[in-house]
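Given the structure is predicted, the values throughout are model-derived calculations rather than measurements.
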Amino acid sequence: MTTSIPTPAPHTPDATAPAAPVTDASALTGKRRIAFASFVDENYLPGFLALLRSLALSNPDVCEDFVVLHDGLRPASVAAVRALHPRVQFRRVNAAHYDSYVKGDQDNYLVRKAYFILDVFRIRDYDTVITLDTDMVVLGPITELLTLRHGLAAVPQFFYGDKTRMLNSGLLVIQKEYLTDAFCAKIDAIGRAGTYELDKHDQGILNALLDGDFVDLDPRYNFVKRRLSGDLPVPEDTAVLHFTGRHKPWQGGEAGYGLAQERWAAFELTDAELHAAYLESGDTLHHDLLVHYGTPHVARTGDVDTARKVALAHIGAGDYQAAVDILERVRLPIDEAWPHEVYGHALMSVSRYDEARAQLLLATAAPNRAATAFARLAQIAWVHGDDDRARAHATAGLTVDPTHRASRLWHQRTVGVPAQPAGRPEDQLAHVAFYMDRQGNAGDKLLPESVRLAFGPDTGPRRWHSVHAHRLFDEAALERVNARRGLVIGGGGLFIPDTMPNGNSAWQWNVPDDLLARIDVPIAVYAVGFNAFDGQSYRAERFRSSLRLLVERSAFFGLRNHGSIEKVRAMLPARLHDKVRFQPCPTTVTRHLVDGWQDPVGREDTILLNAAYDRAGLRFGHDYGHFLAQMAQAVRDLGALAEVKCAAHSLDDEKLAFDLRREHGVSLPVIPMYDFANDEIRDLYARTKLVIGMRGHAGMIPFGCGTPIISLISHPKMAYFLRDIDRPEWGVSVHDRDLAAVLVERARDLLADHDRTVADVHGRQQELWKTTEANAADLRALLGG
């Protein structure tokens, strides 16, 4: 059937929409930005290069930005630094700024170095800055420094005969309240006045300013060389060894410190030696360093195991083409299964399915990789609509390993799949969505039905033809869609690169451009979200091309928050901007969509608490321990207001209850919402007094049911939604220093006059309903019904 696409009414941008919403992910999530910083010049460059090598080898899972302050470095020196660190920034200091401090000592390098490191306080784009002197090497873990949240921390030092409390400025952990113009003004005032001890330079200025008011660090984080006089060995627990004094290790060192000198000399490595040493330094290697060191190592040696590790790092970051590229550079031995399995994974993620099958079949020969390889083969078969073959592969995976979760999931997905009911195609709308499996995420399970409710009360197969977004949209699928009266695309944050990666679109709908262009029925993109995490990116060009074509072909293109609108518009030509409009997620207006909805007469005296653990590194950074401790305190305090229960949208969400009990002795009942039917999900959220949730739909679903919410913000979309309803105070960052206190205070406020709070929720919801109704009028004209 060929249907001409109606011309949509011109869309007028929402006059009430917030102008230019903040879309910077870190600003929205509150995720701490951390950087190391050093002052470097040509004299101290050998020391700095050793410092970078030591940091990588002693903390292989750490790779924060590194700010290099300098007053002039040669290009070759810059290149040498860049070769050692993938996230380095060079910032030139204003040497003239300190002329009034130096007072005739301009040619004294140590004086210049001491003053120029003060420029670290002029850094404004980080929440925590850790200074490291270029005459240091890192010998042990420094993770504790990355978790510090308050004040200015340093190792205290005492000069002989002087018991004044002073800091040793070689290593400072500086929080954002010190990285301000006001603090710099105080530094300048003391520097120009000269009211500090000249022989201590920046220590003198900082000590005069702080007057002993700093956070103590254990001496192991700035263990000075002079404590080792007489060739004493370096203590085993030393984390940072500081070669104070004028005789530096790269200049031959100093008599009486031979054992310390040996520890420094261990980091005099060529780049090739560093790469090899890093790749053998442990099982937990930071993605950025693994790629930075592993890629040239593979090019130099052709090492297959390193290529596999680098490819896995790329896959973990969603850069699937880079994973393919690195493995294509090496010869994979037939009898080594793991590289073939990883290569197959990478190939299927860029939609090179036939090549992926060949690699995965090779991987099935090894018992330790066979179950995973069979599960991936099952996935490929399912993507292509071959349930029988998918089930056979999944069964083979379970035969190898009966406990293999992925094989079990693919087997369940292909068992008892009902045939598509025979309805009249001309009466149906096709619906592209992510249809969640049994025991899948409760929010995603509810979404397709919620989208359908926005088009009418009949959400079943008589009116709807289901198209799973993750299955390859092929010629047969195109024919089925074009036989319907329209196509609706919606059901969550489909604009995300890694939930089910493909090379056809680079977002969740696995649709090639040529087939998308041949859809000849009206297309309505409905309440889709831009779901990239803070620190996550798309394969830009493939996604942009697919997105542009989708917007061009759509008669209606509605995104579920204004943050997503701004992100998507930034990827489109200006001529398409006005086609992108606001359509709230239908879960947020559930009370208006569910036929016969009745608000609860009474509510249970409960607070439901939800946390999310997918992509935990992107959510929590270095702050998970802080988050957990704060949540333990919050649960204790919230217990005085109502009974607190853990609402698990997915199996992984139960980790909150496990960790609270194990780490803090706090017990929570767990509600397994992943086992709930849609009506049970809505009923639970409608009957509780308050929901504190980290998942997007642990906020939007209860809000749509008329229940007050507080969002634990670890993803920009939470802040986007709260901004759209003009209630940003209903959110608190998981990184907030005072998370427990803020959370309990806001919960107490919302519960103090619960009826008033519920009325406020209803009022906020009414504004979203007005937008939904206005859009519904346009959709009726486009799609009928």
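Ring-plane geometry between H287 and H314 is classed as perpendicular, the angle between the planes exceeding 60 degrees on a 0 to 90 degree scale with a lower cut at 30. F473 and W509 have perpendicular rings, their planes meeting at more than 60° on a 0 to 90° scale where under 30° would count as parallel. Using cut-offs of 30° and 60° for the angle between ring planes, the H468 and H470 rings count as tilted. Under the 30°/60° scheme for interplanar angles, the aromatic rings of F721 and F703 are found to stand perpendicular. Between F582 and H562, the angle of the ring planes lies from 30° to 60°, which puts this pair in the tilted group. Using the six-membered ring where Trp is involved, H345 and Y320 have ring planes that are tilted, between 30° and 60° apart.
Within a 6.0 Å radius of CG in D595, no more than 12 heavy atoms belonging to other residues, nucleotides or ligands are found.
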For N510 and N504, what are the C-alpha separation, side-chain angles and deciding distance, and is it a side chain to side chain donor-acceptor pair (under 3.5 Å)? CA-CA 6 Å; N510 194 345; N504 289 316; 2.7 Å; yes
Where do I671 and F676 land on the side chain to side chain contact (heavy atoms under 4.5 Å, CB included) test, with the steps shown first? CA-CA 10 Å; I671 303 174; F676 283 19; 3.5 Å; yes
Side chain to side chain contact (heavy atoms under 4.5 Å, CB included) for L608 and L684? Distances and angles first, verdict last. CA-CA 9 Å; L608 300 185; L684 175 71; 3.8 Å; yes
Could you walk me through whether N610 and C646 satisfy the side chain to side chain contact (heavy atoms under 4.5 Å, CB included) test, starting with their C-alpha distance in whole Å, then the side-chain angles of each, then the deciding distance to 0.1 Å, before giving a yes or no? CA-CA 6 Å; N610 164 267; C646 174; over 6 Å; no
If you apply the rule salt bridge (Lys or Arg N to Asp or Glu O under 4.0 Å), what do you find for R471 with D387, and how did you get there? CA-CA 11 Å; R471 280 191 144 159; D387 285 341; 2.3 Å; yes
Audit row: E336, R369, salt bridge (Lys or Arg N to Asp or Glu O under 4.0 Å) steps and yes/no: CA-CA 10 Å; E336 289 189 24; R369 304 312 307 169; over 6 Å; no
Given the rule in the salt bridge (Lys or Arg N to Asp or Glu O under 4.0 Å) test, do E552 and R575 qualify, once you have shown the distances and angles that lead to the verdict? CA-CA 10 Å; E552 289 171 343; R575 62 184 174 82; 2.7 Å; yes
Any chance you could lay out the side chain to side chain contact (heavy atoms under 4.5 Å, CB included) test for L360 and E341, step after step, and finish with the verdict? CA-CA 5 Å; L360 293 168; E341 184 243 297; 4.3 Å; yes
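A donor-acceptor pair under 3.5 Å links the side-chain atoms of S564 to the main chain of F530, judged by distance alone. Although no hydrogens or angles enter the test, the distance criterion places no donor-acceptor pair under 3.5 Å between the side chain of R308 and the main chain of W338. Judged by distance alone, with hydrogens and angles left aside, the side-chain atoms of W464 form a donor-acceptor pair with the main-chain N or O of D458 at under 3.5 Å. Formation of a donor-acceptor pair under 3.5 Å by the S546 side chain with backbone atoms of F543 is not found in this model. A side-chain donor-acceptor contact under 3.5 Å links N502 to the backbone of S505. In this structure, the side chain of H715 engages the main chain of K717 through a donor-acceptor pair within 3.5 Å. Using a distance-only test at 3.5 Å, with no hydrogens or angles considered, no donor-acceptor pair links the side chain of H697 to the main chain of L446. N561 contributes no side-chain N or O that, together with a main-chain N or O of Y720, makes up a donor-acceptor pair within less than 3.5 Å. Between the side chain of H577 and the main chain of L572, a donor-acceptor pair closer than 3.5 Å is present. One N or O on the side chain of N482 and one on the backbone of R518 form a donor-acceptor pair closer than 3.5 Å.
At a cut-off of 3.5 Å, with distance as the only test, a side-chain donor of Q583 or T772 sits close to an acceptor on the other residue. For T29 and R619, the side-chain atoms include no donor-acceptor pair closer than 3.5 Å. With no hydrogens or angles considered, a side-chain donor-acceptor pair links Q359 and H340 at under 3.5 Å. For the residue pair Q428/R463, the side-chain donor-acceptor check at 3.5 Å is not satisfied. Side-chain contact, R591 with Q765: a donor N or O sits under 3.5 Å from an acceptor N or O. Using modelled atom types and a 3.5 Å distance limit, the side chains of R452 and S466 yield a donor-acceptor pair.
Taking both residues in full, the closest heavy atoms of A373 and T364 are given as CB-CG2, 3.7 Å, listed atom of the first, atom of the second, then distance. R544 and A570 make their closest contact through NH1-O, 3.9 Å (heavy atoms, listed as atom of the first residue, atom of the second, distance). Nearest heavy atoms, P425 versus A483: CB-O, 3.4 Å. Across A371 and S407, no two heavy atoms sit closer than the pair O-OG, 3.5 Å. The heavy-atom pair separating V691 from P702 by the smallest distance is CG2-CB, 3.7 Å. Taking both residues in full, the closest heavy atoms of F434 and P448 are given as O-CG, 3.7 Å, listed atom of the first, atom of the second, then distance.
The CZ atom of R405 lies 8.0 Å from the CZ atom of R408; values are rounded to the nearest 0.5 Å. How far CG of L347 is from CZ of R376: 12.0 Å, rounded to the nearest 0.5 Å. Once rounded to the nearest 0.5 Å, the distance linking NE2 of H393 with CG of L377 reads 4.5 Å. Atoms OG1 and CG, from T295 and L290 in turn, are 8.0 Å apart once rounded to the nearest 0.5 Å. Distance CD1/I326 to CG/L312: 12.0 Å, rounded to 0.5 Å.
Using a 4.0 Å cut-off between charged nitrogen and carboxylate oxygen, R542 and D513 count as a salt-bridge pair. Between D444 and R695, no side-chain nitrogen of the basic residue sits less than 4.0 Å from a carboxylate oxygen of the acidic one, so the salt-bridge criterion is not met. We find that D778 and R581 are joined by a salt bridge, their nearest charged nitrogen and carboxylate oxygen being less than 4.0 Å apart. The existence of a salt bridge linking E680 and K445 is excluded, since no basic side-chain nitrogen approaches an acidic carboxylate oxygen closer than 4.0 Å. A salt bridge is absent between D652 and K655; no separation between the charged side-chain nitrogens and carboxylate oxygens falls under 4.0 Å. The existence of a salt bridge linking E355 and R352 is confirmed by a sub-4.0 Å separation between a basic side-chain nitrogen and an acidic carboxylate oxygen.
Residues M694 and S714 form a side-chain contact, since some pair of their non-hydrogen atoms from C-beta on lies under 4.5 Å apart. Side-chain contact check for L453 versus P586: every heavy-atom pair is 4.5 Å or farther apart. The shortest side-chain heavy-atom distance between R389 and I380 does not fall under the 4.5 Å cut-off. Looking at T587 and L593, their side chains never come closer than 4.5 Å, going by heavy atoms from C-beta outward. With contacts defined as side-chain heavy-atom distances shorter than 4.5 Å, the pair L398/T395 does not qualify. Annotation: side chain of Y674 is not in contact with side chain of N441 (no heavy-atom distance under 4.5 Å). Using a 4.5 Å heavy-atom threshold, the side chains of V304 and L327 count as separate. For the pair I519 and L516, the minimum side-chain heavy-atom distance is below 4.5 Å.
Both the sub-6.0 Å distance and the 45° axial angle are not jointly satisfied by K579 relative to the ring of F557. Cation-pi geometry between R391 and W410 is not met: the NZ or CZ atom fails to fall both under 6.0 Å from the ring centre and inside 45° of the normal.
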